[in-house]
Amino acid sequence: MTAIQKYNERTSKLKSDACPECGSKYITAPDKEKVCGSCGYVPDERSMSQEPEWRAFDDEQRTRRIRVGPSSTLTIHDKGLSTIIGSDSVRNSKYDPDRRLKVYKLRKWQTRIRVADAYERNLAIGLDGVKNIFSHFNQLQNNKAALEQTSANYRKVASNGMIRGRSLITTAYACIYLTARQTGTALTLDDLATDAEKNGVSRKDIARNYRFIVREFDLKIPVPVNKMYSSKIGNKIQGSPQTEILATRILDVAKGMKLTGGRSPTGIAAAAYYMASVLRNDHRTQKEIAEVANVTEVTIRNRYKELMEKLFIGVPV
DNA sequence: CGGAGTAAAAGGCACTT
DNA sequence: AAGTGACTTTTACTCCG
């Protein structure tokens, strides 16, 4: 069967008005999908073709037109663009020894060139570090966009020679924290620090590095959105969604009244959540909330008191 | 026990030396 | 990099219902 015949056979099935499954007619309502009246078959006429949109009539055209490979990414030091010379032709004895030796040498040189440069090598280590740290946090684990952004941040820091005198891993942590702050992800410095301590990186160093980057690039970092923290509390404590919603409302108002500046975002979020739980008779103890929010009960009390005073002025409760 | 409150110690931040 | 000062949070504790 020629290609033309195959093509005709395939398309005629779709174009004909008979169901290819049972042969009966389609029902076609206006603006609706075609559905077979008797067996329910839906022809996937508009499904996406996995095939290339071009055609090649000889080998030369094929090699010229083909464009494949993984998409470009910032998370690999050479952006994932380099072709890796495979090891197949080295190991496989069906190839002649000359060829195998040649490929072996090519591979060796490729490895050298790829990461031989100190800058490139460090970039590779740093970006790997970022990826590694990402895998420790479930907020980040499957967040490709955050990984790309962190990698972009890291590259920017590296290319400006700002890692000199600082450790790669500390910079990696700082870049992750930066991304979290930029994207409003509820990942606190403490969260990162707990993980970093295991690698011998102190919280202080991450914070200093982070501030250094922010200052150097003159970045405008939004004030943390407290809602993120309150929903984090809600998740950990398994509270009702309504309590969480009320907590975020309280935080909105508190923010509007400038009650959030200078205070720890987690403390205020915890207090708002406590307040919401009291108001909604979904009562949680201060201790319970303090534990998941990583603040003390005293802080919750203080912030709670302040919220109650400022938010309910003149309002009979 | 849950919560209110307090004094003193500790910690973080912006800024200076 | 260490010191300073204004400020917040933590520690540790008391008291109340």
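Predicted, not measured: the structure shown is a model, and the values here were computed from it. Sequence lines set the chain letters: A, B, ... in the order given, protein chains first and strands last, and positions in each chain run from 1.
For the pair D252(A) and R249(A), the salt-bridge criterion is not met [side-chain N within less than 4.0 Å of a carboxylate O].
Between the P atom of dA4(B) and the CD atom of E297(A) lies a distance of 11 Å, rounded to the nearest Å. Atom pair Y304(A):OH and dT9(C):P shows a separation of 18 Å (rounding to whole Å applied). If you measure from atom CD of Q286(A) to atom P of dG5(B), you get 10 Å, rounded to the nearest angstrom. The distance from atom CD of E291(A) to atom P of dC1(B) is 14 Å, rounded to the nearest whole Å. Note: CE (M275(A)) to C1' (dA4(B)) measures 17 Å, nearest angstrom. Atom CZ in R263(A) sits roughly 9 Å away from atom C1' in dC7(C) (whole-Å rounding).
The side chain of R303(A) lies closest to dT9(C), out of dT9(C), dA14(B), dT6(B). Closest to the side chain of T299(A), out of dG12(B), dG2(B), dT10(C), is dT10(C). With dC13(B), dT11(C), dG2(B) as the choices, the nucleotide that has an atom nearest any side-chain atom of V298(A) turns out to be dT11(C). In this structure, of dT10(C), dG5(B), dG2(B), it is dG5(B) that holds the atom nearest to the side chain of R301(A). Nearest nucleotide to the S264(A) side chain, out of dG3(B), dT9(C), dA14(B): dT9(C).
Using a 4.0 Å heavy-atom criterion, one finds that K287(A) contacts no nucleic acid atom at all.
Just one of I163(A), T171(A), T170(A) meets the side chain to side chain contact (heavy atoms under 4.5 Å, CB included) condition when paired with S167(A); it is T170(A).
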